[in-house]
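Worksheet: one structure, shown below.
Indexing begins at 1, ligand by ligand and atom by atom, following the structure's order.
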Amino acid sequence: MGEHGGWQRTAAGAGLLSTDGSIAATIFAEMSALATETGAINLGQGFPDEDGPAEVLEAATESIRNGANQYPPGRGIADLRLAIAQHQERFYDLTVDPDTEVLVTAGATEGLAAAILALVEAGDEVLTFEPFYDAYGGLIALAGAEHRTVPLRWPDFQPDHDELRRAVTDNTRIILVNNPHNPTGAVFDRATLELIVELAHRHDAIVVTDEVYEHLVYGATHIPVASLPGAWERTLTLSSGGKTFNTTGWKIGWATGPAALVTAVTTVKQFLTYVNGAPFQPAMATGLRLPDSFFVGAAADLQAKRDILADGLRSAGFALSLPHGSYFIVADASALGVEDAADFCRRLPSLAGVVGIPITAFVHGDRHSEYRSLVRFAFCKKRAVLHEAATRLATLRA
Ligand SMILES: *Cc1c(COP(=O)(O)O)cnc(C)c1O
């Protein structure tokens, strides 16, 4: 039975357990614990330290007072599904039927889990870019699928088109596209997204997109894959309100796409959470209907925060890949004499009172060498916190 028997077998098989049977500790938990222990500024985990728009928070408390406290409908409350459809129309000219082409999920994470479990069979291949959001590796493994990747390389983190062409084959069941991209902050251009659609057609693959940072783009335009010619019929689009509205703890997400795909995902979703977040669903509808000025303002605010942290990192001696989207900035510490960013990140709290995450946390072991000196820092924090982090980082140079 190897190291694990019985109930442990599946999680162990998916590489999610340590050899002693404990949950494999993630570098995220380790770094957050280190931040708490040392009082360092935690730029590791990507959660905002400020509340989102007051009217959205107010709508949630109103909902609780008004009794929205029981199971909502399986696909989500009708008004949120309508607000999601209206949002897709307003921002992307996508016409979506709120009754058959929209599903409310427990964050984008449940959408990802349900999509992967619904659409792949053991042995199928799922293609992602690499580095990849850590949940992708775990979910693909749990589904018994093969995880193939195409590298995104420093400094611009755009995929090489020939490598992408070679990576998609008739065994590829899902091309999972995270755009804007975590952890690199890359925003993919139209040509890359069109190539993905072309390859999906040629090899009969489904495109699943994770667009949780759709509104957090800086000097770039977010193009949903589903809006490209020929894409809709084979694209499932996932998003959520956590990042846009500073409500990462609410876990309200959504899937949109052709009815057959949404129905397939719903069949799995009903056995995962069934439903979630009754009082937060109306609040999310309020958020999605905020005027354009809110969305423009949220991006401008984060762009200013990005620039505060970027200046700090540059003056500390890091080389940067300035991100066009997301909450994150990737810095190369090699100019500071750092070869192993994982080791550096463990020492950074005592060296400078700041916590970051090594990019190797987002890549498979056999690719570690390419990303060895890179660190991800989150800039979704109060400006004063980012200024303080910049001041502390400056001491690295001394
Ligand atoms: C934060 C994040 C998620 C998770 O979204 P939830 O709505 O909190 O489940 C998914 N994908 C990426 C790339 C993220 O950064």
For the residue pair His222 and Val187, establish whether any side-chain heavy-atom pair is separated by less than 4.5 Å.
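No, too far: nothing below the 4.5 Å cut-off.
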What are the atoms of ligand 1, with element, lying closer than 4.0 Å to any heavy atom of [X]?
| X | value |
| --- | --- |
| Asn178 | 13 (C) |
| Ala108 | 5 (O), 6 (P), 7 (O), 9 (O) |
| Gly107 | 6 (P), 7 (O), 9 (O) |

Side chain, backbone, both or neither: which part of Lys243 comes within less than 4.0 Å of ligand 1 when only heavy atoms are counted?
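The part of Lys243 near ligand 1 is the side chain, not the backbone.
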Just to be sure I read this right, does ligand 1 sit under 4.0 Å from the backbone of Asp210, its side chain, both, or neither, counting only heavy atoms?
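Just the side chain.
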I'd like to know if Arg314 and Asp311 make a salt bridge, using a cut-off of under 4.0 Å between side-chain N and carboxylate O.
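Asp311 and Arg314: salt-bridged.
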Should Arg90 and Asp292 count as an ion pair when the cut-off is N to O under 4.0 Å?
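So Arg90 pairs with Asp292 through a salt bridge.
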Just need the protein heavy atom nearest to [atom], so name the residue and atom and give the distance.
| atom | value |
| --- | --- |
| atom 9 (O) of ligand 1 | Thr109 OG1, 2.6 Å |
| atom 3 (C) of ligand 1 | Tyr133 OH, 3.4 Å |
| atom 8 (O) of ligand 1 | Lys251 NZ, 3.1 Å |

Could you tell me whether some N/O pair between Asn182 and ligand 1 is separated by less than 3.5 angstrom?
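Yes - when backbone and side-chain N and O of Asn182 are compared with those of ligand 1, one distance drops under 3.5 Å.
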Are a donor atom and an acceptor atom from the side chains of Arg367 and Thr149 found within less than 3.5 Å of each other?
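Side chains of Arg367 and Thr149: pair found under 3.5 Å.
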Heavy-atom contact under 4.0 Å between Tyr213 and ligand 1?
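Yes.
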Kindly determine whether His215 and Phe91 satisfy ring pair (Phe, Tyr, Trp, His ring centres under 6.0 Å), including the steps that lead there.
CA-CA 10 Å; His215 289 293; Phe91 289 99; 4.7 Å; yes
Are Ile329 and Val217 connected in the hydrophobic side-chain network, where two residues link if heavy atoms are under 4.5 Å apart?
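No, no single cluster joins them.
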Given Tyr218, which partner from the list Leu302, Leu322, Asp307 fulfils the side-chain contact (heavy atoms from CB on, under 4.5 Å) test?
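Only match with Tyr218 under side-chain contact (heavy atoms from CB on, under 4.5 Å): Leu302.
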